[in-house]
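Read the structure below first, then the notes.
To find a chain, count down the sequence lines: A is the first, B the second, and so on, and within it residues start at 1. Worth knowing before you read on, the calculation uses all heavy atoms, side chains too, and leaves out hydrogens, waters and symmetry mates.
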There are 2 protein chains.
Amino acid sequence: MPTSTVENYLKTIYMQQQRAGGKNVAMGKLAKAMDVVPGTATAMIKTLADSGLVDYKPRGGVSLSDKGETLALHILRRHRLLELFLVEVLGLDWTEVHDEAEELEHATSDKVLARIDDYLGHPDTDPHGDPIPPAKGAHAPVQLKSLADSATQKKLVIARVVDQGCEFLQFLNQHGLRPGTRINILSYDRVVDAITVKPYKHEPVTLGMAAAGKILVEKPAT
Amino acid sequence: MPTSTVENYLKTIYMQQQRAGGKNVAMGKLAKAMDVVPGTATAMIKTLADSGLVDYKPRGGVSLSDKGETLALHILRRHRLLELFLVEVLGLDWTEVHDEAEELEHATSDKVLARIDDYLGHPDTDPHGDPIPPAKGAHAPVQLKSLADSATQKKLVIARVVDQGCEFLQFLNQHGLRPGTRINILSYDRVVDAITVKPYKHEPVTLGMAAAGKILVEKPAT
DNA sequence: ATTTCAATTTTGAGTATTCAAAATACCAAA
DNA sequence: TTTGGTATTTTGAATACTCAAAATTGAAAT
């Protein structure tokens, strides 16, 4: 069994790789994401490479091996199912479950996870709209555009929020912006780098482009 | 925050102390219970003593300080609430939840635990009949006699099973012997060191005294 | 081609936990 | 009171992870 440290490295590499489009992850990025000094990341990656979990060439960055990716997806699955469980069953707020799940994901057995999955009815997204990897096999990559790139559409639905920072999520929550919320785009201003949206049943909010880029949207189903 | 290793030592000392009636726990016993070599226990206890969690005099054994006992009770509370949650909500078997809870107890925050407690309606015993320590304050010590000491009573109810071994619990379960079950004592034989009981709606079972000693009983309520 | 600088790796060291095996202490029997 | 023998402690070493700081590399800028 991998230690929870190993699990965290793998998960982090996976997410960095996603963001960078499958390319190798630079040690500096990884170290920053793991909140360790660069030397620590280098040392750790060397042992992960020895275990066959990552491919590593010195000064060239890391990427997950097949074995490593499989493991990373299992961990992500645990994390996201737990998040949803905490929200749906225990009534925690979707803005605060990330850190809780971060701990629990390393302590939850496959058996317990399977029960949680059953209990929730085999969901496919977590409370942030992030896809829950299936128990086996890869999930179909969903293509979503960010709010920052969707100014031409007037009516949209929030599909996913790609930031786990409690502060940002709480801001969104207070303004009625959560996964599933319908929004209307009121204005889109390249000059001041801002976009104003009106969430269903809430007052309009103005967001900077950086913030808007973290909100992924889709066309309303109906 | 104490590491999970520290939490496990404290919990183990607490339980050993309970069993021995409040006396100091010998290093040998502790080492065996923690499944480490004696030297490891000695080393660990020295650091726990430095943190003020235990009282230790070389060659005299350990006992929990007030601080240590408070912590131990918190951990026990987490463990037992989690066990009940796994049984009641996720439908795991009461014979198998011990090991699961053993992991989860170190990863569950106070916030999540409070939600679990609410969800379960503030229960006071876990699936094995073990008392759940309250969030604050000490719990009233319940006096229960073991089945081995209760031969004079004919009708009893199983209150608690003081063994977390999966094998033993599964044996009991298969014969309908679980906390809450009414039983009739059919025979009590000092010579062959065995007792035969008939669990409600099940066939009679014969148990050795060692086994009967692990089953705590009370008088039927009605 | 050389300089320069940022990213990366290496080195040396520390913490927490563990084991194996040697040393010590205590109790109890002779 | 000497001898055991067992429980306990000490010692030395290993593993997994971490940091600080020095050394190295490689690529971009001159």
Side-chain angles (χ1 to χ4, degrees), chain A residues 1-14 16-17 19-20 23-64 67-68 71-72 75 102-103 105-107, chain B residues 1-14 16-17 19-20 23-64 67-68 71-72 75 102-103 105-107:
Chain A
M1 330 282 98
T3 63
S4 63
T5 306
V6 169
E7 292 191 341
N8 283 332
Y9 274 91
L10 295 176
K11 196 178 52 162
T12 303
I13 295 165
Y14 180 85
Q16 296 278 313
Q17 249 183 295
R19 186 175 311 176
K23 278 195 268 287
N24 276 14
V25 178
M27 300 312 272
K29 295 276 170 94
L30 178 58
K32 191 141 292 178
M34 288 296 300
D35 196 30
V36 294
V37 301
T40 301
T42 301
M44 194 63 207
I45 288 309
K46 280 204 265 190
T47 85
L48 295 188
D50 288 347
S51 328
L53 293 167
V54 300
D55 297 319
Y56 166 63
K57 50 163 122 24
R59 306 204 127 83
V62 236
S63 62
L64 293 175
K67 192 172 152 196
L71 241 167
I75 299 152
E102 203 73 9
E103 291 297 317
E105 69 189 7
H106 308 296
Chain B
M1 330 284 96
T3 63
S4 64
T5 307
V6 168
E7 291 192 343
N8 284 332
Y9 273 91
L10 294 176
K11 196 177 54 161
T12 303
I13 295 165
Y14 179 86
Q16 296 278 313
Q17 249 182 298
R19 186 175 310 176
K23 278 196 269 289
N24 276 14
V25 178
M27 298 313 269
K29 296 275 170 100
L30 178 58
K32 192 142 290 180
M34 287 297 299
D35 196 30
V36 295
V37 301
T40 301
T42 300
M44 194 64 208
I45 289 308
K46 279 204 264 190
T47 85
L48 293 188
D50 288 346
S51 329
L53 292 167
V54 301
D55 297 318
Y56 166 62
K57 51 163 112 40
R59 303 206 131 82
V62 236
S63 61
L64 293 175
K67 191 172 151 197
L71 241 167
I75 300 151
E102 203 72 10
E103 291 298 317
E105 69 189 6
H106 307 297

Would you say a side-chain N or O of [X] is under 4.0 Å from OP1 or OP2 of [N]?
| X | N | result |
| --- | --- | --- |
| A:Tyr9 | D:dT18 | yes |
| A:Lys46 | C:dT10 | yes |
| B:Lys29 | D:dA7 | no |
| A:Thr42 | C:dT8 | no |
| B:Thr5 | C:dA16 | no |
| A:Thr40 | D:dC19 | yes |

When the nearest nucleotide of DNA chain D is assigned to B:Met27 and to A:Val6 on a heavy-atom basis, which residue is associated with the more 5' position? B:Met27
Interatomic distance, [X] [atom1] vs [N] [atom2] [rounded to whole Å]:
| X | N | atom1 | atom2 | answer |
| --- | --- | --- | --- | --- |
| B:Tyr56 | D:dA7 | OH | P | 16 Å |
| A:Asn8 | D:dC17 | CG | P | 11 Å |
| B:Lys57 | C:dA25 | NZ | C1' | 16 Å |
| B:Leu48 | C:dT18 | CG | P | 10 Å |
| A:Met44 | C:dT10 | CE | C1' | 18 Å |
| B:Asp35 | C:dC19 | CG | C1' | 12 Å |
| B:His106 | C:dT17 | NE2 | C1' | 15 Å |
| A:Arg59 | D:dG26 | CZ | P | 6 Å |

Closest contact, heavy atoms only, B:Tyr56 versus B:Ala49: CB-CB, 4.2 Å
Measure across B:Gly61 and B:Asn24 and return the closest heavy-atom pair with its distance rounded to 0.1 Å. O-ND2, 3.6 Å
Using a cut-off of 4.0 Å on non-hydrogen atoms, how would the nucleic acid contact of [X] be classed: base, sugar-phosphate, or nothing?
| X | answer |
| --- | --- |
| A:Ala41 | nothing |
| B:Thr47 | nothing |
| A:Gly28 | sugar-phosphate |

Flag, side chain of B:Gln17 to backbone of B:Leu64, donor-acceptor distance under 3.5 Å: yes
So, B:Ser51 side chain and B:Thr47 main chain: donor-acceptor pair closer than 3.5 Å or not? yes
So A:Glu105 and A:Asn8, do their side chains get closer than 4.5 Å, heavy atoms only? yes
